[in-house]
K.L.:
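The structure under discussion is supplied below as C-alpha cells; questions concerning it will follow.
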Amino acid sequence: MTPRPSSSGPEPRKTTGKKTAGKKTAKAAEKAVAKKAVAKKAVAKEAVAKKTIAKKAVANKKGAQKTATKKTVTKQAAPREAVAPPRAEAAVAPALDAGDRERLLAGTHHDPHAVLGAHRVPGGVAFRAFRPYALAVTVLSGKLRVELHDDGDGFFSGLVPLGEVPLHRLLVAYEGTVQEVEDPYRFLPTLGELDLHLIGEGRHEQLWRALGAHPTTHDGVAGTRFAVWAPNARGVRVAGGFNFWDGTGHPMRSLGSTGVWELFLPGVGAGELYKFEITRPDGSRTFRADPLARRTEVPPATSSVVHASDYTWGDEEWLAHRADAPAHEAPMSVYEVHLPSWRPGLTYRQLAEQLPAYVADLGFTHVELMPVAEHPFGGSWGYQVTGFYAPTARLGEPDDFKYLVDRLHRAGIGVLMDWVPAHFPRDDWALAEFDGRPLYEHSDPLRAAHPDWGTLEFDFGRREVRNFLVANAVYWCEEFHIDGLRVDAVASMLYLDYSRERGQWTPNEHGGRENLDAVAFLQEMNATLYRRVPGVVTVAEESTAWDGVTRATHHKGPSGFGGLGFALKWNMGWMHDSLEYMSREPVHRKYHHGELTFSMVYAYSENYVLPISHDEVVHGKKSLVSKMPGDWWQQRANERAYLGYMWAHPGKQLLFMGQEFAQGAEWSEAHGPDWWLLDPEYGAAADHRGVRDLVRDLNTVYRATPALWRRDTHPSGFAWVVGDAADDDVLAFLRLDADGTPLLAVSNFAPVVLSGYRLGVPDDVPAWHEVLNTDAAHYGGGDVLNPHPVKPDAQGWHGRPASIRLTLPPLATVWLRPA
C-alpha cells in the first residue's frame, strides 16, 4: 500500500510520499508486463507524456505529489483460477459509453460499479479499470494474465471469452513501479437492505455501524468500507493518504433513494486519513470530513481517520448495578470538568491516573465532562462541534477515552457528558451545506442561523437529521459507556423566537412559538436512550419555565404537550437567585431573603440539579469565592455557608472544578484551576485546603444520609422550620427520609454569632447531634460549634411541639441529625 501523509487541512494538503519497496523477489513475468506495456506505448510516447504531466499537475494542486522510487509488488492470496486458458492480450471490449466516461472523469457518476470491474457481455467478460496515471493494467485470475487495452484518460478495458466472471486482481504498472491490487469495483455493496431501509426511515439507532469508515473483511478481502449520506451530491469520491488525496480513481456508488453513497476499498486499514470529495449540484467540488468519523486528526488539521477499536472493558460490575436505583432517588453530587484544562497537557490515559483518585477522594458520585466531541476551536470549550462521533484527538485516541471512562467506573464514579445537539459551526469542511445545499441545517435561513453564536441550527424536522442526532446520543452511551448526557442549550431549541425579534421567526402550524420539531426530537432521543441503555440519565440545561421537561413523554401537561422525557433539569432560577443573594453585603440581605426561599415554591415542578457550573465563573462573573462580599475570611466563610446550604437543598449538586478549593481567579481554558493554591509552600494554602476538606465532608455526610436525596423530588422529603427570619438572615428546614428520619439544616448568613437561637423541631427526637458545621476550625472557620448533643424542650416554636436552642456561628451552615 502507498503511505499516507501525516496530516491534512480543510483541503487535502500537499503531500510528498514515497512508495515503499515491495518484495525483492517480484516475478520476472510481472517485470515483463511492465516493460511490454511501456514498449507498446512507444508510438504514442509523446501523448502519454503529456497526459502524465497534466495529471501530475492536477495531483500537485490537490496536494498529492507522487514520488515513486522503488518497484513495489504487493501480493495477497491468489483468486480462484479462471476457466479460460491464459492470454497475453484481451480483445477490444465494448466501448465505455461517452457519457459514463465523462461522468467518471468529472466525479458525477452515480453507479461506477455498473461500468467498472468485470461484467458479462456478448462474447465473454468485459474488464474495465479506471486507473489515472497508470501505464498499463493487467487482469490476474489464477494462471490467467490479460493485459487491458489503454483507452486513454486512465481507462483500460479488455474482452476475455470466459463463461463466467472470475475472481480477479489487477496488476497496475506506473512509472517506475508495479502494484498488484484488488479491484474495488468487483465487490457487492457492504450495506444491506435493512440498513438502507432504516436509514431511509430515519430509524437506524446504530447509525454509526452503517455509515462512516469501517475496517472490515468483505468477501474474504481486508479493507475499509466507506459510506456517507449526501442526497444532493451529483457524485462522491473518497480521497485520502492511500491515493495521495486524489479521489479521481475512487468514485462511490449511490445506493438508491436513501442518498447514501458507498465504496469498499481493499487494502485500506485503520489509521488512514480520508475525506469525501463531493461534487455539488452546481458542479463545484468540496472536500468534507466524515460526519460519522469515529476518529479525527488533531486540530487544526481536519481529516477524518479510519478507526477500529480493540479496547477491552473492565467495568462490568459498574454497569450491572447502574440501574439499581432511579437517578432522582439516589445520591448525585457532580464534579464538572473541562478535560483539556483540568491538568493542562495530560492525555486521556494520564488523566485516568489522576482524575478518578481525586474525584473519589472528594466523595463526588459523578463527573460531568464538558463536551468531548471533536471541535475546531478550543476557545469554544467544545460547544461548537464538528465531529459528533469522535472524541477530541487533542487528548488521544478513542480507545484512550474509553480507558478514562473505564477507570472512573472502576473507581465508583459515574460519567456524564455535555452533549450539543442544538447547533454546529459553519466550517466549510464540516456539516454546513454538506453536499452543496442545506442538509443538516434548516433550509430556511431564518431557521438555520443561530442568532447568538454565529452557528447553524439542526433541521429537527428532517428524519435523517433526527436519526443522526438520536443515534449519536445512543453511540456515546453504548460505545463509550457514558452514564448520562447533559443536553446543552435546550431552551434555544424549544422556541422558534429564541433571541429573535418580531419578523425574524415564523410561528408553528398552531400559531405558537414552540418548535414542534425540536420537541419531537427531544422526546424521541430520551425515549430511545432510556429504552436501549439501562441506568442512563439525561439532564436538560433549560432556562425557561417550559412545562414538563422531566415529565414522561407519554404524559401530557396543561400545555397539551407530552413531557420531554429528561430525568433531571438544571435549576437555573435557583442558581441565579441564590448567587444574587450571596453576592450582597450581609446588611442588605434581609431585604432579599426571598431570593433564597423562592426556590421552594417550584422545587417539585421538575426534577432538579443545582448547578454552580463553568458558565458562572467566567467572562467577568468572578469565581464563586470572589462573588462573596467582605474580606478574605468572610468570603471563604460565605462560600462555605453557601455550599452547606446547597448540599442540603432539595436537588442534586454540581460544582465546577476549582470552586472546591475557593480559587480566587476566574477559570481560563488556557491554564485551568490554580492548583498552586494548595501547595503547602504557599502561605494561604490552609485556607484553600480547608474549603476542599469541607466539600469532601459534605459529600461524605450527604451520601450517608438518605434524607438528603431519597425524596429529592417529593414534597414529603422537605419541611420548613423557619423560612421567614429575614431580619436574622437565618433559614432552617428539615430533610426527611422515606421513614421520616430527619436532618436539620440551619444557615446563618449574618456575620454575627447568634447564641441560644430557638428553632422548632419534632417532639419524637430525643436529642440532636451536630454532624457538620462549616465554621469548624479545620475548614478555616472560627470554630463556633455545638459540641454536645442538643436536647429539645417542651416549648413549642415555629408551629412545632418542641424546640431546641442552638449557637449559630457567623456566616455558616450547620447540619444536625438525631443523636
Side-chain angles (χ1 to χ4, degrees), residues 328-334 363-365 571 574-575 577-579 581-582 593 595-601 603-604 607-612 624 637-655 659-660 691 694-723 725 729-738 740-749 757 759-762 765 768-776 779 781 786 790 798 804 806 808-809 811-818:
H328 59 280
E329 295 179 1
M332 178 182 285
S333 60
V334 183
F364 286 98
T365 64
N571 194 335
W574 170 88
M575 176 201 68
D577 292 346
S578 63
L579 289 178
Y581 176 89
M582 294 304 301
H593 198 70
E595 291 175 342
L596 282 189
T597 60
F598 180 66
S599 59
M600 291 310 303
V601 173
Y604 303 106
N607 305 333
Y608 284 114
V609 174
L610 311 180
I612 302 300
L624 182 57
N638 271 297
E639 178 175 347
R640 293 194 305 267
Y642 180 70
L643 292 175
Y645 154 76
M646 172 182 172
W647 253 252
H649 191 286
K652 313 307 179 184
Q653 294 77 39
L654 179 141
L655 191 64
Q659 313 316 301
E660 78 275 15
V691 176
L694 170 65
V695 170
R696 180 187 296 109
D697 290 349
L698 283 170
N699 279 325
T700 300
V701 178
Y702 168 78
R703 295 177 74 164
T705 309
L708 288 173
W709 43 263
R710 183 86 71 192
R711 292 195 167 186
D712 258 341
T713 61
H714 197 280
S716 64
F718 176 91
W720 278 114
V721 171
V722 56
D729 293 332
V730 170
L731 57 81
F733 52 83
L734 293 168
R735 296 299 309 278
L736 303 165
D737 194 0
T741 302
L743 178 137
L744 174 62
V746 188
S747 295
N748 173 20
F749 291 115
Y757 198 86
L759 293 167
V761 292
V765 177
W768 296 84
H769 171 63
E770 187 176 271
V771 293
L772 186 137
N773 187 324
T774 66
D775 192 55
Y779 302 143
N786 295 276
V790 181
H798 294 135
I804 58 176
L806 296 176
L808 299 183
L811 302 174
T813 294
V814 177
W815 290 359
L816 300 101
R817 287 192 306 206

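This structure is a prediction, so every number in the text was calculated from the model and none was measured.
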K.L.:
Ignoring hydrogens and angles, tell me if any N or O in the side chain of R735 forms a donor-acceptor pair with the backbone of A648 under 3.5 Å.
P.N.:
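Checking the backbone N and O of A648 against the side chain of R735, a donor-acceptor pair under 3.5 Å is found.
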K.L.:
In the structure I gave you, are the side-chain heavy atoms of L744 and W815 within less than 4.5 Å of one another anywhere?
P.N.:
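Result no, sub-4.5 Å side-chain heavy-atom pair not found.
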K.L.:
Are Y642 and F749 an aromatic pair by the rule of ring centers under 6.0 Å?
P.N.:
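Y642 vs F749: aromatic centres not under 6.0 Å.
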K.L.:
Decide yes or no on side chain to side chain contact (heavy atoms under 4.5 Å, CB included) for V746 and T813, but give the supporting numbers first.
P.N.:
CA-CA 6 Å; V746 188; T813 294; over 6 Å; no
K.L.:
D697 vs Y779, test: side chain to side chain donor-acceptor pair (under 3.5 Å). Steps then yes/no.
P.N.:
CA-CA 10 Å; D697 290 349; Y779 302 143; 2.5 Å; yes
K.L.:
Just how far is it from atom CG of L624 to atom CG of L643, taken to the nearest 0.5 Å?
P.N.:
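It is 6.0 Å, given to the nearest 0.5 Å.
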K.L.:
State, with a plain yes or no, whether a side-chain heavy atom of Q653 is found less than 4.5 Å away from one of M646.
P.N.:
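When only atoms from C-beta onward are counted, M646 and Q653 do touch, with a gap below 4.5 Å.
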K.L.:
Return the minimal non-hydrogen interatomic distance between P742 and W768, and the atom names on each side.
P.N.:
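So the two residues come closest at CG-CH2, 3.7 Å.
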K.L.:
Check the pair D712 / K652 against salt bridge (charged side-chain N to carboxylate O under 4.0 Å, His left out), numbers first and verdict last.
P.N.:
CA-CA 8 Å; D712 258 341; K652 313 307 179 184; 2.8 Å; yes
K.L.:
Taking the side chain as everything from C-beta on, heavy atoms only, tell me whether N748 gets closer than 4.5 Å to P809.
P.N.:
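Side chain of N748 against side chain of P809, heavy atoms only: no contact under 4.5 Å found.
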K.L.:
Shortest non-hydrogen contact from G760 to H798?
P.N.:
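Smallest heavy-atom distance, with atoms named: N-ND1, 3.2 Å.
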K.L.:
Using the rule given for side chain to side chain contact (heavy atoms under 4.5 Å, CB included), can you reason through F718 versus L736, listing the C-alpha separation, both sets of side-chain angles and the distance that settles it, and then say yes or no?
P.N.:
CA-CA 6 Å; F718 176 91; L736 303 165; over 6 Å; no
K.L.:
Hydrogens and angles aside, do N699 and W647 bring a side-chain donor and acceptor to less than 3.5 Å of each other?
P.N.:
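There is such a pair between these side chains.
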K.L.:
Is there a side-chain contact between S578 and L596 in this structure, where contact means two heavy atoms from C-beta onward sitting under 4.5 Å apart?
P.N.:
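Of all side-chain heavy-atom pairs linking L596 with S578, at least one is under 4.5 Å.
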K.L.:
Using 0.5 Å steps for rounding, measure from the OG atom of S333 to the CG atom of L698.
P.N.:
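That separation rounds to 9.5 Å.
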K.L.:
Report the distance from atom CG of L655 to atom CD1 of I612, rounding to the nearest 0.5 Å.
P.N.:
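It comes to 7.5 Å.
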K.L.:
Give a yes-or-no answer on whether the side chains of T705 and R817 include a donor-acceptor pair shorter than 3.5 Å.
P.N.:
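Short answer, yes.
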K.L.:
To the closest 0.5 Å, what do you measure between NE2 (H714) and CD (E329)?
P.N.:
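Result: 10.0 Å between the selected atoms.
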K.L.:
Going through the distances and angles, do E660 and V691 end up as a side chain to side chain contact (heavy atoms under 4.5 Å, CB included)?
P.N.:
CA-CA 6 Å; E660 78 275 15; V691 176; over 6 Å; no
K.L.:
Going by heavy atoms in the side chains, are Y757 and I804 under 4.5 Å from each other?
P.N.:
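Answer no - side chains too far apart.
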K.L.:
Could you check if a side-chain atom of L816 sits within less than 4.5 angstrom of a side-chain atom of L772, using non-hydrogen atoms only?
P.N.:
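The answer is no; the side chains never approach within 4.5 Å.
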K.L.:
So, for Y645 and S747, which heavy atoms are closest and what is the spacing to 0.1 Å?
P.N.:
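It is CB-OG, 3.7 Å.
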K.L.:
Taking C-beta and beyond as the side chain, do H769 and V771 meet within less than 4.5 Å on heavy atoms?
P.N.:
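Answer yes - side chains close enough.
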K.L.:
Could you go through the side chain to side chain contact (heavy atoms under 4.5 Å, CB included) check for W574 and H649 one step at a time?
P.N.:
CA-CA 10 Å; W574 170 88; H649 191 286; 3.9 Å; yes
K.L.:
Rounded to the nearest 0.5 Å, what separates atom CH2 in W720 from atom CE in M600?
P.N.:
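If we round to the nearest 0.5 Å, W720:CH2 and M600:CE are 6.5 Å apart.
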K.L.:
For a 4.5 angstrom cut-off between non-hydrogen side-chain atoms, does L759 reach V722?
P.N.:
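Side chain of L759 against side chain of V722, heavy atoms only: contact under 4.5 Å found.
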K.L.:
Using a 3.5 Å distance criterion without hydrogens, assess whether the side chain of R640 forms a donor-acceptor pair with backbone atoms of T774.
P.N.:
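Yes; judged by distance alone, with no hydrogens or angles, the pair exists.
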K.L.:
Using only atom types and a distance under 3.5 Å, with no angle test, would you say the side chain of Y702 pairs donor to acceptor with the backbone of M332?
P.N.:
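Yes, the answer is positive, given that a donor and an acceptor are paired below the 3.5 Å cut-off.
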K.L.:
Might you point out which heavy atoms bring D577 and F598 nearest each other, and give the distance in Å?
P.N.:
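It is OD2-CD2, 4.0 Å.
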